[in-house]
Amino acid sequence: MRVSQFHLFTTRETPADAEIISHQLMIRCGMIRKLTAGIYTWTPLGWRVLRKVENIVREEMESAGYLEMLMPAVQPAELWQETGRWDDFGGQLLKLKDRAGRSFVFGPTHEEVVTDLARNELRSYKQLPVTFYQIQTKFRDEIRPRFGVMRAREFLMKDAYSFHINQQSLEETYWQMYEVYSRIFTRAGLEFRAVKADSGAIGGSASHEFHVLAESGEDQIVFSSESDYAANIDLAVALAPAAGAAKPGVDLRLQDTPNTHSIADLVDRFEVPIEKTIKILVVAGDENSESEFVALLVRGDHSLNEFKAAQLEAVANPLQFADEKDIHRVIGAGPGSLGPVDLPIPCIADHTVAAMSDFAAGANAENKHYFGINWGRDVALPPQADIRNVIEGDPSPDGQGVLHLARGIEVGHIFQLGTKYSESLNAVVLGDDGKSHPLEMGCYGIGVSRIVAAAIEQNHDDKGIMWPEPIAPFAIAVLPMNAKKSHRVREASEAIYRQLIEAGVEAFLDDRNVRPGVMFNDMELIGIPHRLVIGERGLDIGMLEYRNRRAAENEEIPLDTVVQELLARLG
RNA sequence: CGGGGCGUAGCGCAGCCUGGUAGCGCACCACAAUGGGGUUGUGGGGGUCGGAGGUUCGAAUCCUCUCGCCCCGACCA
């Protein structure tokens, strides 16, 4: 491709509304343009990258034997009503009406459609297992789209669905898909981790997320320093210490603590180490439980894991925090003065709390705290559960190593769905026993457009993008210096460019009449992995300048063998 | 959904408080010089100031409504 024939539109200025680096660079490169909130046009430059990612995904899916297809983006409401997701999916579901007033959705995912296909087409276990996939535009009406294509409303997704006669077959495909996903992200040149995850609104049992590691990631992931334990923050657990093991060291003491309303106050004014404090969170009880409210106890420096807390039998799901008025009503003290001693409502302690001794907490009376509290001696040890978020350095739950926290961008998610959709849509096949069996299903997603942004987050410097070669829009930039003034430069550049193109290399010849600095800056900004500079200077001595986008210095390449040398470097 | 902010040329912004017929930088077009890290000069094109209504002799500016966009929050003992 010649730059003069390509719509290359770069800009020096960073748009005001782009917060993260990938969004800024994509705008500055001219890869994307916003049409409206969360909805983007992919320009020719951006589209080349998107297509590269798409093709890697497609090739790996194909070689695993999965079948590509294309399902409708617009789907009848009836199908979503059958599975209950017309109501359950929530505000992210974009609902539409046609001229006759019939309701439709713009597909945010395709379990309904693919299961409808399966119930009509699949008859026998002999047709199984089978995996269908598509690469297609999805729409999810995000509450708050942001970060460009990272969290867009309209986005490109690869979604795959597998069908099985039994759980064992599902698991085989699930773990095969795990490997396929790992190959895809590895091939795209990304540093990533797979972590255990919750299956959330999609439903089902087992699930893993694939995260590209990046500081700007919206998700927290957790992994062990020694073992292969890895989970997202919702699910991550630390090895629990033994409850009640610590022996009392000091006496219980009730002390006046005026104007002490927070853990921070307690630590500052009374010189209590934060690890010797506990905080009480009052939440609504489950409607079937005997208590209106339940107190949750976590160590002062720990935070409540709302996902875990909401799973507790005694606790309302979704989690609902008591307001100040309710806390006063049922406990008789404000939120800053709560503690386990003489607490009038049931409580559940985090495992860490159950192992504490000589700790401080509120006295359930204004302006008073207890110090030196010990379980058993001063108050009965409450029931325990894992209700906190793990922190950096916690022991890994398998006993091997400590936990590290990192930020990640979720680019893939695989689920074992089981029969959730096949049962609600009555998708069954005959087994070898001659009886009907609901299909076991798996579903597997990759955020194709999100990968583009994630790759930039992971691969950039102060000059711009540094594409991993497999997803770069062009492989090499051929930059003639002052071609207008030099037919030698012009001819040499054209010749090399032609040879590269003939060799199948995606070369990008900058034949614009612009100064060298403009070329260098543009090519570095858009992240072309290799570049060759052709000038009078080099031609005089028979050597040309080559530079890798990630290298700090030029290399000299002899003119006579330049194309072979480049081909070797390009792999 | 709650809170805050912003809508003036393709992009980044000034002008608004104190009303008087719209400006700067980048980008774009033309010409010239320059020619190895976003070069320089001269000349030029482009805006119903988000939209509607109101106040006024006169509105980008004041008032009302409306639409759009962005940020923060949905953890608190």
Side-chain angles (χ1 to χ4, degrees), chain A residues 7-20 23-24 27-28 30 33-39 43 90-91 141-148 233 260-267 277-283 293 295-300 302-310 318-324 326-328 331 333-340 343 347 360-364 366 369 387-389 463-464 479-486 489 510 512-525 531-540 544-545 547 554:
Chain A
H7 178 77
L8 185 67
F9 191 85
T10 58
T11 166
R12 262 184 277 205
E13 279 172 289
T14 302
D17 58 0
E19 286 284 301
I20 61 170
H23 188 194
Q24 294 172 355
I27 300 285
R28 287 190 52 206
R33 287 290 182 252
K34 183 171 72 184
L35 182 63
T36 184
I39 299 181
T43 64
D141 198 357
E142 294 281 344
I143 300 173
R144 195 178 148 204
R146 59 185 130 175
F147 304 147
I233 192 77
T260 303
H261 300 296
S262 68
I263 296 291
D265 292 343
L266 200 60
V267 169
T277 64
I278 66 173
K279 56 185 177 190
I280 315 281
L281 296 95
V282 180
V283 299
F293 293 102
L296 304 174
L297 278 54
V298 297
R299 203 170 77 183
H302 286 163
S303 61
L304 181 72
N305 181 310
E306 296 193 19
F307 174 80
K308 292 174 184 172
L319 204 62
Q320 241 180 295
F321 286 94
D323 62 26
E324 202 159 333
D326 285 326
I327 292 173
H328 271 284
I331 301 179
S337 310
L338 305 182
L343 187 67
C347 70
N364 301 319
E366 294 303 325
H369 279 76
I387 53 172
R388 70 170 174 101
N389 288 316
K463 298 194 184 271
L479 308 183
M481 299 292 101
N482 305 319
K484 195 181 176 189
K485 282 277 173 68
S486 164
V489 167
D510 200 341
R512 296 175 295 179
N513 181 26
V514 293
R515 300 171 69 92
V518 176
M519 293 182 185
F520 294 144
N521 282 312
D522 275 347
M523 295 304 145
E524 282 162 356
L525 179 63
R531 93 173 178 209
L532 184 72
V533 173
I534 297 141
E536 288 276 355
R537 217 190 266 170
L539 292 175
D540 286 343
L544 297 182
E545 289 164 33
R547 185 127 142 205
N554 288 333

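Here is how names work: the chains are called A, B, and so on, in the same order as the sequence lines, proteins then strands, and each is numbered from 1. As a basis for the values below, the full set of heavy atoms in this structure was taken, side chains included, without hydrogen atoms, waters or symmetry mates.
Comparing atom distances between the A:L281 side chain and each of B:rA77, B:rG36, B:rU34 picks out B:rA77 as nearest. The side chain of A:T36 lies closest to B:rC69 when the candidates are B:rG12, B:rC69, B:rA77. Here the side chain of A:M481 is nearest to one of B:rA77, B:rG37, B:rG36, namely B:rG36. Here the nucleotide nearest the side chain of A:A37, chosen from B:rA77, B:rC75, B:rC70, is B:rC70. Side chain of A:I143, nearest nucleotide from B:rC1, B:rC69, B:rC13: B:rC1. With B:rG38, B:rC69, B:rG36 as the choices, the nucleotide that has an atom nearest any side-chain atom of A:V518 turns out to be B:rG38. For A:S262, taking side-chain heavy atoms from C-beta onward, the closest of the listed nucleotides B:rC70, B:rA77, B:rG38 is B:rA77.
The C1' atoms of B:rG51 and B:rA32 are separated by 45 Å, rounded to the nearest whole Å. One C1' atom belongs to B:rC11, the other to B:rA27, and the distance between them is 7 Å to the nearest Å. As rounded to the nearest Å, B:rG25 and B:rU18 have P atoms that lie 30 Å from one another. Remark: the separation of the P atoms in B:rG23 and B:rG15 is 16 Å, to the nearest Å. Annotation: B:rG20 and B:rG73 have their C1' atoms spaced 44 Å apart (nearest Å). Nucleotides B:rG7 and B:rC13 have their P atoms positioned 9 Å apart, rounded to a whole Å. Spacing between B:rA30 and B:rC63 at atom P, rounded to whole Å, works out to 45 Å. Using atom P as the reference point in both B:rU42 and B:rC26, the two lie 12 Å apart (nearest Å).
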Distances under 3.5 Å between nitrogen or oxygen atoms of protein and nucleotides 24-26 of chain B:
from	atom 1	to	atom 2	distance (Å)
B:rG25	N2	A:E13	OE1	2.9
B:rG25	N2	A:E13	OE2	3.4
B:rC26	O3'	A:R12	NH2	3.2

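Remark: A:T43 engages no residue in a side chain to side chain donor-acceptor pair (under 3.5 Å) (not counting sequence neighbours). Partners of A:N389 according to the side chain to side chain donor-acceptor pair (under 3.5 Å) rule, which considers only residues two or more places apart in sequence or in another chain, are A:S303, A:N305. In this structure A:R12 satisfies the side chain to side chain donor-acceptor pair (under 3.5 Å) test with no other residue, sequence neighbours excluded. By the side-chain contact (heavy atoms from CB on, under 4.5 Å) test, A:A18 is found to be paired with A:P15, A:H23, A:Q24, residues two or more places apart in sequence or in another chain being considered. The side-chain contact (heavy atoms from CB on, under 4.5 Å) check on A:Q320 picks up A:A284, with sequence neighbours excluded.
Summarising the geometry, the separation between CZ on A:R28 and C1' on B:rG10 is reported as 16 Å, rounded to the nearest angstrom. Straight-line distance from the CD1 atom of A:I280 to the P atom of B:rA77: 12 Å, rounded to whole Å. Between the P atom of B:rG37 and the NZ atom of A:K463 lies a distance of 12 Å, rounded to the nearest Å. The CD1 atom of A:I27 sits 16 Å away from the C1' atom of B:rA27 (whole-angstrom rounding). Atom CG of A:N513 and atom P of B:rA33 are 13 Å apart (whole Å). Note: CG (A:D323) to P (B:rC75) measures 14 Å, nearest angstrom. B:rG36 atom C1' lies 13 Å from atom CG of A:L539, rounded to whole Å. Atom CG in A:L532 sits roughly 17 Å away from atom P in B:rG36 (whole-Å rounding).
With values rounded to the nearest 0.5 angstrom, A:M523 atom CE is found 14.5 Å from A:K463 atom NZ. To the nearest 0.5 Å, the span separating NE2 on A:H369 from CG on A:L266 amounts to 5.0 Å. Put simply, CG on A:L343 and CG on A:L297 are 7.5 Å apart, with the number rounded to the nearest 0.5 Å.
At least one side-chain nitrogen or oxygen of A:K34 sits closer than 4.0 Å to the OP1 or OP2 atom of B:rC70.
In this structure, the side chain of A:N554 does not engage the main chain of A:R547 through any donor-acceptor pair within 3.5 Å.
Using a 4.0 Å heavy-atom criterion, one finds that A:E19 contacts the sugar-phosphate atoms exclusively. Residue contacts for A:P516: at a heavy-atom cut-off of 4.0 Å it reaches the sugar-phosphate backbone alone, with no base atom in range. If you check every strand for non-hydrogen atoms under 4.0 Å, A:A322 touches a base. Residue-level contact check: A:L479 touches neither bases nor backbone, having no heavy atom under 4.0 Å from any strand. The residue A:G336 sits close only to the backbone: its heavy atoms come under 4.0 Å of sugar-phosphate atoms, none of a base. Residue A:R531 is in base contact, counting any heavy-atom pair closer than 4.0 Å across all strands shown. Across all strands, A:V533 comes closer than 4.0 Å to base atoms (heavy-atom distances).
A donor and an acceptor atom sit less than 3.5 Å apart, one in the side chain of A:E524 and one in the base of B:rG37. Between the side chain of A:D17 and the base of B:rG12, no donor-acceptor pair of N or O atoms lies under 3.5 Å. For A:N482 and B:rG36, a side-chain-to-base donor-acceptor distance below 3.5 Å is absent, hydrogens and geometry of angles not being considered.
When each of A:F9 and A:L525 is assigned the nucleotide of RNA chain B bearing its nearest heavy atom, the one mapping closer to the 5' terminus is A:F9. Looking at which nucleotide of RNA chain B each of A:E545 and A:Q320 is closest to, the 5′-most match is held by A:E545.
The environment of A:E536 atom CD is dense: over 12 non-hydrogen atoms of other residues, nucleotides or ligands sit within 6.0 angstrom.
With a cut-off of 3.5 Å on both pairing distances, B:rG37 has no Watson-Crick or G-U wobble partner at all. The partner of B:rC17, taking Watson-Crick or G-U wobble pairs whose two distances both stay under 3.5 Å, does not exist in any strand shown. Partner assigned to B:rG12 is B:rC24, using Watson-Crick or G-U wobble distances below 3.5 angstrom. Nucleotide B:rG43 forms a Watson-Crick or G-U wobble pair with B:rC29, both donor-acceptor distances falling under 3.5 Å.
Here the shortest heavy-atom pairing between A:P480 and A:V489 reads CB-CG1, 3.7 Å.
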